[in-house]
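Report on the following structure.
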Number of protein chains: 4
Amino acid sequence: MKTKKVAVIGASGYSGEELVRLLLHHPHAELVAVTSRQNAGQTLAQVFPKFASHPKSKTLRFTEPNAGLLAKQADIVFLALPHGVAAEYAVPLLDAGCAIIDLSADFRLKSAEIYREFYAHDHPAPDLLKKAVYGLPEIYREQIKQASLVASPGCYPTSILLPVIPLLKAGLIQPAGIIADSLSGVSGAGRKAEVDYLFCECNESVRAYSVPRHRHLSEIEEQLSLAAGAKVILQFTPHLIPVNRGILTTLYLAPETHFSTAAEMNALNEKVSACYARAYGNEPFVRLLEGKALPDTKNVAGTNVIEIAWRLDPRTGRLVVLSAEDNLVKGASGQAVQSLNLLCGWPETAGLA
Amino acid sequence: MKTKKVAVIGASGYSGEELVRLLLHHPHAELVAVTSRQNAGQTLAQVFPKFASHPKSKTLRFTEPNAGLLAKQADIVFLALPHGVAAEYAVPLLDAGCAIIDLSADFRLKSAEIYREFYAHDHPAPDLLKKAVYGLPEIYREQIKQASLVASPGCYPTSILLPVIPLLKAGLIQPAGIIADSLSGVSGAGRKAEVDYLFCECNESVRAYSVPRHRHLSEIEEQLSLAAGAKVILQFTPHLIPVNRGILTTLYLAPETHFSTAAEMNALNEKVSACYARAYGNEPFVRLLEGKALPDTKNVAGTNVIEIAWRLDPRTGRLVVLSAEDNLVKGASGQAVQSLNLLCGWPETAGLA
Amino acid sequence: MKTKKVAVIGASGYSGEELVRLLLHHPHAELVAVTSRQNAGQTLAQVFPKFASHPKSKTLRFTEPNAGLLAKQADIVFLALPHGVAAEYAVPLLDAGCAIIDLSADFRLKSAEIYREFYAHDHPAPDLLKKAVYGLPEIYREQIKQASLVASPGCYPTSILLPVIPLLKAGLIQPAGIIADSLSGVSGAGRKAEVDYLFCECNESVRAYSVPRHRHLSEIEEQLSLAAGAKVILQFTPHLIPVNRGILTTLYLAPETHFSTAAEMNALNEKVSACYARAYGNEPFVRLLEGKALPDTKNVAGTNVIEIAWRLDPRTGRLVVLSAEDNLVKGASGQAVQSLNLLCGWPETAGLA
Amino acid sequence: MKTKKVAVIGASGYSGEELVRLLLHHPHAELVAVTSRQNAGQTLAQVFPKFASHPKSKTLRFTEPNAGLLAKQADIVFLALPHGVAAEYAVPLLDAGCAIIDLSADFRLKSAEIYREFYAHDHPAPDLLKKAVYGLPEIYREQIKQASLVASPGCYPTSILLPVIPLLKAGLIQPAGIIADSLSGVSGAGRKAEVDYLFCECNESVRAYSVPRHRHLSEIEEQLSLAAGAKVILQFTPHLIPVNRGILTTLYLAPETHFSTAAEMNALNEKVSACYARAYGNEPFVRLLEGKALPDTKNVAGTNVIEIAWRLDPRTGRLVVLSAEDNLVKGASGQAVQSLNLLCGWPETAGLA
């Protein structure tokens, strides 16, 4: 299989670090450049001692990000930058013929207006929004294969979209009234030196934040609306919990079908089960739980897998769906590598098993 | 103020231990007996080194529980036992003239049928269900003062009932469709030697459990129904998170009034604010958060305080209410001491400030 | 008992916050002022929601630190500042007749030269070094009672000095070759927005730091030398572990007496036991563990107690002593309040039980 | 490369689980059997949901351990059992021609007397002690290649032996007076349902245990004595800290050479550096840290790497050496797979990179 050269812009945050880890061990990708303003000049081994056993860690040095230079070095460039600055690199790199996989929120929306509504400034490159493919491989596999610009989904969106989209597409649930209650590990806040994310502020603490209007609502609602063929408004409450990695999402959904007898419940349960089996039965990175098992972040930590389970509640008439993923892997860097594999024609699980 | 003699049956679990801590420092209660089958014969200091600096810790010894003996020693007896065995002690102790404050679920329901439905066996002393007062002081203060049997609420119920009851009573929210999503520290599972609660099974893990039908639903629904004057069915999802103490509950509520304009939202917000101020403005243990603050378990750990905040969501039309409490204090032992204070005519905050 | 007015300069760090907590509940001290540059203008309740249930929290506002003003408001002023800036406030406040209890390292040394050696700059007020009393009440009780400037010990020093000083004074151990291996919770690093202390950098991590020359060596060695009547050089290795609070110190000591037979070991054990009983048998905040118990930080968290246990090792001939304390209480703010009590002639345990 | 069939007896503990993880992804080993009394009959996927994405997880079922049957199925059998029961399986399996890699302490000692001294009963198969090779590949590589019975070292021993043995062999340190102070994650205690290892007993807690005489002293001292050519007695203090994985060991060593001037210190530092470079410069799983870096368990978690750093202390004349490893990988299962690779003639890093 033909090797491709890849680079990572912004490789010193948690997602960037995880991406580097995956790419260092990827069988077909060759990591040729990593950038970071604050670490420029240092080797991978110096910045991340954990990579020091990899032969490349002593020779690969962080550089200042330079689109012109990177375009000559790499076939595909990952952007692991805070939102708002990706366009600055994406435009020249795309012009120079590189493919881009962007881990920020910058190209995830189709609508520049919704972008302005949620991000409070005009989109810097609105034309690229049309060009970008939303990098959720289980949903947009064919489009990703042809893409030059992949907008890799956020961690919360992945944990919500994968469980909900098949149900909406199958018409099994109502598009109205969806609630997503999510619990995220602290790495989701990034490697930022802020008091709020100090050990002593997070340990022995649980708290909600950005209630009721988190920015990721915009991409989640856009994708759910596409699946439903109707405008979806979501109730979403993110919480910060004291774990390094992992997102657990609990979804409260209203089935289109009323059920009250055991027979009705079993029938509906069969439909949900069949819907998920059809959608994800052959997906390498979606694990549908059976029996009494419920998703647990410790069972997906460090992997590109999302676990999904569901329960019908005959007392309330609701469908409760739960998902667990590693926010840095399936919720960020692993999913980006999955898109890389599709884009390059490699096996989708390459470097992720 | 007249001192009363108190005893704790089942003082070796987490709630029992916390109760002992509070009672050792209580200005008017004298702890005269603690029981525990497995620790019988040992002093408080031997079983709980953390209490060893208290003068009483070297002389007070755990005994086997013996209702006859305890009735002679104590005026008020706390039962900190697993559910299902409280009746065995409550009946003879009440007969002997002791007051009982029970921390188990055994006397929290009015209905013996609902008890059977949720606990899968007949109630051992159904007559006592009528006699028992539900020990939520902010709601049943006057009844607790007169009670001989106080059924102290569960930790999840407290975190849900205190925020929801005033809204239901004021007719501000619909009784239908209430969702409570709760995150609990591991001490909620008790000091039980089970693999599920080992450090390595809980640390770096988040998981839901008892979905969709947790036993505490029975007492929550009964109390909410009383407040609403109508049958309330609750959607409740408890989750286990890696903290020692604390419950954070996020409630999804449907206001009776529709709001879409800013003016409508402000008007409704005023009503909610006034409702909570009326209900809890003078309560020593309810903290209504203002401004941008949201509840955080670290701000209530070790205290008898419950924090409450709310947000109206104009996009979904919902009212989101959040609460934080220490599951072992306001959710268990602190609340039980609050009832003790009422029952004995002491200041309600005695030993709890 | 006569109430005194107290103020805290630098009340927004972890030690300052803990000090405020203790002073708010102190029976004889009245907290009249708290300062913090970044929080000036805000109330206690706004900065620390956890204090919002205290009546004073809504009226007491943080101010910019102003020695002249504070001297008029308070009888005793606590300095909870980073090292190097305490002199700026101590000099004018002492001149104005206030007593000072300093929680920083600035006045802990007797020798201005050793200060320069370890802190790499000249001491700003060397004359005060003679005036200052080292605020370890179990050792310098009488001097603290008469002091106008108390230099409250560091958290590591307290955990090492209390177990070692009695043994050195009694001549039971050799002054040479002492090793102290300490494990500290992350609050010891202060509320500083630095990447090293982010949740994800500390959780699931253990690491030593400042090996082999931590600044606190200077005060530990000075105090040990005074106790030994000879120059003591210490081997000290601090480690950072993922807990909020607590220091566990393991000390490796060489007894003056050789022991190899069981009889010799028992005899020496009696001597150590008697030495500790003499030194601390009546101390309210030193807990000498008996039997099989070993110190555990969870048994002292939130209290002003230090736990001490020891073991003679007949295989190596060494005496291993272990101590546990809460770094923010006995290691900082609780000990400072203990000094306050002595200085004001109040019961030593006031506000600390 | 020829594939070999492997089996794991006792695959439901933490070490067994980690071993299964490594073997499922091993390029040359085929996992053909896993045993566990309590899980017999269940598939790998049922017992460990985290493995459910592996194709083999749905078909490979836990069985009762049966040496006769396993001997027919597997070429090499891993024993991941509590100490004391390995002989029961090792004897018949060796007789049947299987190679054994034992993760317990049962065959780690050469001396049956020392075994009795530390384990308090006679060794059940003393003849096998001579046959067994101590499975520390960096020290016994050639012997492991020829072994039929490998006694894989304990987690604490590995963290101590790898840093100390080269220094002893080179005569750089004195064999007397060595101190090892170790901090271990809770998985080291095994998946045992005991109150001491519950989340709430370990979180926000640090404590030493087995002071001063932990059983692993026996194998550490035997190996150090072999390296020194003289009897070595060790001071060893293990501590439990609230992390899932990882051991950090701090070693206090006395150099044979006195150093006091900067020149003497530099010279000695060169010698230590050269000694470690010679011993481990080409070792794939030993990372010698340079510059200011100190070992951190988070940099080795999930890997087979041990990090080592050292500091000479001119004030005390000591050499302080620190190591970090994942107790379940380099301290147990990873090291066992490293031995498997040697034994089978595969690349030593197969399945471990």
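So you know, we letter chains A, B, ... as the sequences are listed, proteins then strands, and number each from 1.
Only the side chain of C:Glu307 comes within less than 4.5 Å of a heavy atom in chain B; its backbone stays farther off. Contact annotation for B:Asp296: neither backbone nor side-chain heavy atoms come within less than 4.5 Å of a heavy atom of chain C. With a threshold of 4.5 angstrom between heavy atoms, B:Val300 does not approach chain C through any atom at all. Neither the backbone nor the side chain of B:Glu290 comes within contact range of chain C, judged by heavy atoms closer than 4.5 Å.
Annotation for B:Ser53 and C:Arg287: closest pair OG-NH2, 3.2 Å, computed over non-hydrogen atoms.
Residues of residues 43-51 of chain B having a heavy atom under 4.5 Å from any heavy atom of chain C, listed by number: B:Pro49, B:Lys50.
Heavy-atom neighbours of B:Lys5 NZ from other residues, nucleotides or ligands within 6.0 Å: at or below the threshold of 12. Under a cut-off of 6.0 angstrom, the local environment of CD in C:Gln38 is crowded, with over 12 non-hydrogen atoms contributed by other residues, nucleotides or ligands.
B:Asn244 CG to C:Lys298 NZ: the interatomic distance, rounded to the nearest 0.5 Å, is 9.0 Å.
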